[in-house]
Amino acid sequence: MSNIKDTIVGEVQTWQGVTVAPHRFGGIEFQINNREIGHLHGDYQADIPFTARIRKELVESDKASAHHIYPNSGWISFYIHGVEDVSLLLELLRMNYDRLAKNRLTVKAEAALLVH
């Protein structure tokens, strides 16, 4: 049976365009279009960069905690207590993936319009 980290990495790496690499402060980082979706610290914590507005909504709804070092930024920290937390963490990572992928597609679409 795989551990929590392997389960999360196994899922996220299947999303179109995602790259997986070591994170600069330890752990594993997920990116799309050279932008960080989030990163894992082992089986116990994930940090995900959102906008300040989204972070506020997630913290107020108890889906995440303010970032453990930068609580006033858009970053959230998600503490993994067991396998029961994996689905919500994947939902949060997917939410940020969709936000970043959409943003990138919008930029590409605008660039294509400028060319014509």
Is [X] linked to [Y] within one hydrophobic cluster, defined over Ile, Leu, Val, Met, Phe, Trp and Tyr using a side-chain heavy-atom separation of less than 4.5 Å?
| X | Y | result |
| --- | --- | --- |
| Leu93 | Trp75 | no |
| Leu88 | Val12 | yes |
| Leu89 | Val83 | yes |

Any side-chain to backbone donor/acceptor pair from [X] onto [Y]? Under 3.5 Å, distance only.
| X | Y | value |
| --- | --- | --- |
| Ser77 | His68 | yes |
| Asp43 | Lys5 | yes |
| Arg55 | Ser73 | yes |

Just do the side-chain hydrogen bond (donor to acceptor under 3.5 Å, both in side chains) check on Gln31 and Asn33 with the steps written out, would you? CA-CA 7 Å; Gln31 286 193 357; Asn33 302 318; over 6 Å; no
Would Glu57 and Lys63 pass as an ion pair if we require N to O under 4.0 Å? no
Pairing of Asp98 and Arg94 as salt bridge, 4.0 angstrom limit: yes
Going by the angle between their ring planes, with limits at 30° and 60°, are Tyr97 and Trp15 parallel, tilted or perpendicular? tilted
Would you call the rings of His39 and His41 parallel, tilted or perpendicular if under 30° counts as parallel and over 60° as perpendicular? perpendicular
Residue Glu91 excluded, over 12 heavy atoms near CD under 6.0 Å: yes
So does Tyr79 have more than 12 non-hydrogen atoms from other groups sitting under 6.0 Å from OH? yes
Nearest-0.5 Å distance that lies between atom [atom1] in [X] and atom [atom2] in [Y]:
| X | Y | atom1 | atom2 | result |
| --- | --- | --- | --- | --- |
| Ile80 | Asp85 | CD1 | CG | 7.5 Å |
| Phe25 | Ile69 | CZ | CD1 | 8.0 Å |
| Arg99 | Ile37 | CZ | CD1 | 10.5 Å |

Just jot down the salt bridge (charged side-chain N to carboxylate O under 4.0 Å, His left out) partners of Glu11, sequence neighbours excluded, or say none. none
Check against side-chain contact (heavy atoms from CB on, under 4.5 Å), His67 and Asp47: CA-CA 7 Å; His67 190 267; Asp47 296 318; 3.7 Å; yes
Chi angles and distances behind the side-chain contact (heavy atoms from CB on, under 4.5 Å) call for Phe78, Leu58: CA-CA 10 Å; Phe78 183 90; Leu58 292 172; over 6 Å; no
